[in-house]
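Worksheet: the structure to be examined is printed underneath.
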There are 2 protein chains.
Amino acid sequence: MKAVTMSDVAKKANVSKSTVSQYINKRYEFMGADTKDRIREAIEELNYKPNVVARSLKQKKTSTVGVIVANILHSFSTQVIRAIEDECNRSNLSVIVCNADDDPQKERNYIEMLRAKQVDGLIIFPTAGNAELYKEMVNENYPLVFVDRIIKDSGVSTILLDNEKASEMLVEHLYEKKYKRLAFITSSLEMKITPRIERLNGFIKGLEKFSLPVIDGFYVGVRMGNVQDVLEVMFSQPERPDALICGNDLTLLETLKFINKKGWNIPTEIALASIDEVPYSEIFQPPLTIVAQPAFAIGTNAANLLLEKIDGVGESIKEIMLYSPELIVRKST
Amino acid sequence: MKAVTMSDVAKKANVSKSTVSQYINKRYEFMGADTKDRIREAIEELNYKPNVVARSLKQKKTSTVGVIVANILHSFSTQVIRAIEDECNRSNLSVIVCNADDDPQKERNYIEMLRAKQVDGLIIFPTAGNAELYKEMVNENYPLVFVDRIIKDSGVSTILLDNEKASEMLVEHLYEKKYKRLAFITSSLEMKITPRIERLNGFIKGLEKFSLPVIDGFYVGVRMGNVQDVLEVMFSQPERPDALICGNDLTLLETLKFINKKGWNIPTEIALASIDEVPYSEIFQPPLTIVAQPAFAIGTNAANLLLEKIDGVGESIKEIMLYSPELIVRKST
DNA sequence: CTGTTAGCGCCTTCAA
DNA sequence: TTGAAGGCGCTAACAG
């Protein structure tokens, strides 16, 4: 009932399969007008749809790329994915999205699965645990782009935010606003996820640059479940922070819960700023000061870079592309 | 360099391709232990990875399902996608996500593209413009599940929120709280997107049920860009609403911007409630009363339903599965 | 301009 | 217990 194939069309149109193939691939050049018509009719009557799988097998490409995100719960990931999709669809590529949950094992499985599916290339938010595998792919010259996180010496083109700068900008801003005792909280540092580390480093650097005190216990990486407790400790110091920077959107949400619970006024009792834009930053009271990363641009560019690699051009592209953060000052600081 | 195929393995292990195939598919039963070992070794040494595309061509299935969402910008969509992915990965299926932007033409293209790619089934947030195409697929008995939106007489299993009830619950709640002049705003009704219509209907029904006035201009569907203006008009009536229900998360955000601009107090100057949970509902001041839809459950179930259809069981499943909304009362009402 | 001929890499009888 | 052969649906020379 379904399986109408190219030979069916060929038979119906009284031509050979290859002629139909020509037609499908729009190579009309040397085709008789009547032949063309007959084929078109046959296709319509039979409601024939080419089988892309067979085509892929032959052509050794699938017009599909894979994206492996570390954690789809970050709104940044969602935005990047959206941008990648838009860009790929523009070039008639589909996108398979997988979520590795920051688990190197899961990531490895997805990489193997997607490569078995013969995807033409991969965009990955890499975890820190698969260095050898990455290297293998680089050696094979497999089209690969990293986003958001640097894997040292991987040799893979990487597109990400200048994370250090993001924190530094925030510190500078807070310094100018005369805050003295800055604190920084972000997600767990256990897995050596580079943006978190870089943001923390940028924070410390910023403090040093402006001769602000680097206070023990005032900069922490913490698992989401423990944010409340950690903040409780941080803010029960005799002299507590007067400004707090959140390393990402998830931390921000937890922090806001904490501040709410305490009933503190922002910014008079505690100034608050965050890295990563959130949908509610403008309508929150007070509106939140944040540094935004250009998620859309990052995604678009990652896609374009990958496309170039797939097409075999763009050898000359520099390895690391750092995007500048954008400081958006609102009333929370 | 790359292309190591089954014959390479066979050669290396001194067996035939079919024996390797057996091994790959874990049909060890009648295989000599030594043969097995030789094959295993050969596979490892060669770093052989089976080509799924070739397998798919032969087996006429790709272990891939397609999801076409209407608008990925709604957080509901994201959550449903996440749930579908989780569920499909559990069964070793990959998921290709496409975004139709509520455009029937785009949706049609994606459906054709995905079917050409031989995906094993489709989960769609349907637009209203492709009724015939849906019917074709149903006739072919193609595995298909709709989510979020009803297409009348399509004969497709559909999983969605009981949208009328969602609004009614909110109206009832506001009635009990003694609000008298209720208003409702949601996204554009132009495209006959059923949840929006149902939510609006539920609102009206609710008003009637509690003998609250149905006031002209107090219930509107509006394009996102016009929300500010429309609210401006609505609230410049001599007697303005004392409570407002937002039909979805995007409308809510716009509405909050409006209320902020006005500097009105919630709930004393205007009570506010919304359909669809948002990440900031708890930390917003005041916390927002909403009715949540069980996005995760809906996604999980859609996936399971599709899997059953793909496996050819589950013929007896009822066409429409309505999920009950959950009212979460917070301080905004 | 169109048809013939080989595969792509894998799976699946059917023999041996 | 293993191997040979044929074919999934399509493409790509190369003939004609």
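The sequence lines fix the lettering, A, B, ..., with proteins before strands; numbering per chain opens at 1.
Residues satisfying the salt bridge (charged side-chain N to carboxylate O under 4.0 Å, His left out) test with B:E132, not counting sequence neighbours, are B:R108. Take B:N109 and apply the side-chain contact (heavy atoms from CB on, under 4.5 Å) test, not counting sequence neighbours, and it matches B:Q105. Residues satisfying the side chain to side chain donor-acceptor pair (under 3.5 Å) criterion with A:S18, sequence neighbours excluded, are A:S16. The side chain to side chain donor-acceptor pair (under 3.5 Å) test applied to B:T78 returns no partner, not counting sequence neighbours. Residues forming a salt bridge (charged side-chain N to carboxylate O under 4.0 Å, His left out) with A:D86 (at least two apart in sequence, or on another chain): A:R82. With sequence neighbours left out, B:T64 forms a side chain to side chain donor-acceptor pair (under 3.5 Å) with A:K117. In terms of the side chain to side chain donor-acceptor pair (under 3.5 Å) criterion, residue partners of B:E190 (sequence neighbours excluded) are, by chain and number, B:R223.
Contact check for B:K309 versus B:L144: no side-chain heavy atoms found under the 4.5 Å cut-off.
When heavy atoms are screened at a 4.0 angstrom cut-off, B:D8 is found touching no nucleic acid atom at all.
Note on the helix from C:dC1-D:dG16 to C:dA16-D:dT1: angle between the axes of the first and last five pairs equals 40°, rounded to 10 degrees.
In the region residues 34-45 of chain B, proximity to DNA chain D at under 4.0 angstrom, judged on heavy atoms, holds for B:T35.
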Point to revise | Under 4.0 Å protein heavy-atom contact, by nucleotide of nucleotides 8-16 of chain D - B base, S sugar-phosphate only | key: BBBBB----

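The nearest whole Å value for the distance from the NZ atom in B:K61 to the P atom in C:dC11 is 12 Å.
Screening residues 44-95 of chain A for ring-ring contact (aromatic ring centres under 6.0 Å, His included), with sequence neighbours left out, gives no hits. Counting only residues at least two apart or in different chains, ring-ring contact (aromatic ring centres under 6.0 Å, His included) contacts with residues 110-136 of chain A comprise A:Y134-A:F146.
Listed pair A:T19 / C:dG3 meets the phosphate criterion, a side-chain N or O lying under 4.0 Å from OP1 or OP2.
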